[in-house]
Amino acid sequence: MRLEEAKIKLQPMLNCRLGELVTPEQMTDIIRAKGRTGQIIESLLGLDSTNGNLDFVDGELKTNKCDSSGNPLETMFITQISSRIDELLEKKDFYETLLYEKIRNLLYVPICKEGDPEDWIILPFVHVDLRKSEYTNIRLQIEKDYYYICELLKKHIETSTDGFIHTSSGELIQIRSKDSKPYTPIYSKLYKRNVSNKNHAFYFKKDFMRYINSDRY
DNA sequence: GATAGCGGAGGATCCTATTT
DNA sequence: AAATAGGATCCTCCGCTATC
C-alpha cells in the first residue's frame, strides 16, 4: 500500500472515537500493551506488515499520544540502533541510513487518549514528506542533529565513566534507551566491546511534532 | 516438511530525577 | 509546582533455528 492510499482510507475515521471503529475485545489490555493502538490503526488500514522495514511501500506510519488539542504528550519512537551502531559511529551518510529511510515520508497520526479507550479520538494526520521543499528546513535540521548525535555517542563511549552510550539529543531527534528484559546489549565491532548494556533507539522529540502540527490537515 | 520456541525488531508509553 | 530530560519497561509479531 502506498501512503497516499492510506490517507484516503484514514479520512473517514478522523475525529472518530475508537469505540466506533473497533470491538471491545480489540481494546482489551490496550493500556498495558502500549503499542496496541498503533497496531489497531494498521489493521484498520489493512496493512499487511509484510513490507520489510517500512509500513507502506513508500513511507511509514506513526501514531502518538496527544491531548485533545493535538499537543504531543510523548516523544515518538523511530527505530532501534543496536544492529547499526557502527554505522553511526562511522557517521554514515545521513541519506543512506535506516533512520532517513524511516522518516523520509511519514504519516503522523496523533491520537487523543483522554478518558476511557473507547473515547480516544483519531485526530487529523500530518503527511511529512522530507523531500518536499516545504520541509527542507526541518530535513536539514534533522541531518544536522544526526551527525551531532553520532559525535555525542562517540564521546560517551570514550569519556563516560561506564564507557557506555547515554541519551544524546539534537534539536528534533535524539537517541535514548529502548529495551525490555532480558536486555539486548549493544556490541560495537569498532570498539570491540559492548557500548551499552541495553538497546537504544532514535526518537523524535516533542518539538518535531509541535513543528509539523502547525500545518495539520 | 511441519511446529515450537526463542531472540530481536517493531508497536509504543511510563516513571523518576532534574531543571525551570 | 510543572515541565522536561533521561532512563526503564510493556506487549506483539515475525523470522530463524531446533526439534518433531
Side-chain angles (χ1 to χ4, degrees), chain A residues 6 10 18 22 25-56 59-67 69 71-85 87-88 97-99 101-103 106-117 120 122-123 125 145 148-149 152-153 155-157 160-188 194-211:
Chain A
L10 202 52
L18 208 53
V22 302
E25 297 78 64
Q26 288 176 285
M27 290 187 286
T28 309
D29 257 10
I30 199 167
I31 305 279
R32 219 160 35 98
K34 301 172 180 175
R36 184 64 140 270
T37 311
Q39 287 158 342
I40 286 177
I41 302 296
E42 288 182 346
S43 83
L44 283 172
L45 289 173
L47 279 171
D48 32 10
S49 82
T50 174
N51 218 357
N53 283 330
L54 293 174
D55 295 322
F56 306 120
E60 185 73 2
L61 173 73
K62 289 284 173 204
T63 68
N64 191 37
K65 184 179 185 178
C66 295
D67 67 17
S69 312
N71 297 122
L73 295 180
E74 289 296 338
T75 56
M76 192 161 66
F77 165 77
I78 302 171
T79 190
Q80 299 182 183
I81 65 165
S82 61
S83 61
R84 300 176 131 80
I85 183 69
E87 293 180 4
L88 303 179
T97 60
L98 178 62
L99 168 67
E101 187 186 354
K102 283 284 213 179
I103 66 177
L106 180 70
L107 187 60
Y108 168 63
V109 185
I111 312 285
C112 167
K113 297 193 174 177
E114 291 179 354
D116 297 331
W120 292 358
I122 301 178
L123 296 175
F125 55 75
D145 284 353
Y148 178 62
I149 288 168
L152 285 177
L153 291 179
K155 195 166 138 191
H156 280 138
I157 291 172
S160 70
T161 53
D162 56 8
F164 285 170
I165 62 173
H166 294 278
T167 298
S168 304
S169 300
E171 298 287 318
L172 298 177
I173 60 173
Q174 67 177 179
I175 279 178
R176 67 175 208 288
S177 67
K178 199 275 187 198
D179 211 336
S180 58
K181 289 175 179 168
Y183 294 147
T184 305
I186 302 180
Y187 179 81
S188 165
N194 283 352
V195 295
S196 173
N197 68 329
K198 61 175 71 68
N199 206 346
H200 281 60
F202 277 105
Y203 293 84
F204 282 116
K205 296 173 68 178
K206 288 182 194 173
D207 278 341
F208 171 83
M209 280 76 87
R210 294 188 187 114
Y211 188 101

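Quick caveat: nothing in here was measured; it's all calculated off a predicted structure. Chain A is the first sequence line, chain B the second, and so forth, proteins listed ahead of strands; every chain is numbered from 1.
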Q. Across the strands shown, which category fits A/T37 at heavy-atom distances under 4.0 angstrom: base, sugar-phosphate, nothing?
A. nothing

Q.
Students often get this wrong, so: under 4.0 angstrom with heavy atoms, is A/G35 touching a base, only sugar-phosphate, or nothing?
A. base

Output the rounded distance in Å from [atom1] ([X]) to [atom2] ([N]).
X: A/F77; N: C/dC10; atom1: CZ; atom2: P; value: 17 Å
X: A/K178; N: C/dC10; atom1: NZ; atom2: C1'; value: 9 Å
X: A/E74; N: C/dC10; atom1: CD; atom2: P; value: 16 Å

Q.
So A/Y203 and A/K178, do their side chains get closer than 4.5 Å, heavy atoms only?
A. yes

Q. Taking the side chain as C-beta and beyond, is there a heavy-atom pair between A/D55 and A/L45 under 4.5 Å?
A. no

Q.
Quick check on DNA chain C: between A/K34 and A/Q39, whose nearest nucleotide comes earlier from the 5' end?
A. A/K34

Q: Return yes if a side-chain donor-acceptor contact under 3.5 Å exists between A/R84 and A/T79, otherwise no.
A: no

Q: Taking atom types as modelled, find out whether A/S82 and A/N199 have a side-chain donor-acceptor pair closer than 3.5 angstrom.
A: yes

Answer yes or no: side-chain N or O of [X] and base N or O of [N] forming a donor-acceptor pair under 3.5 Å.
X: A/Y183; N: C/dA8; answer: no
X: A/T167; N: C/dA5; answer: no
X: A/R36; N: B/dG11; answer: no

Q. For DNA chain B, whose closest nucleotide is more 5', that of A/L98 or that of A/K113?
A. A/L98

Q) Between C/dT4, B/dG10, C/dG7, which nucleotide has the shortest distance from any of its atoms to the side chain of A/T79? A) B/dG10

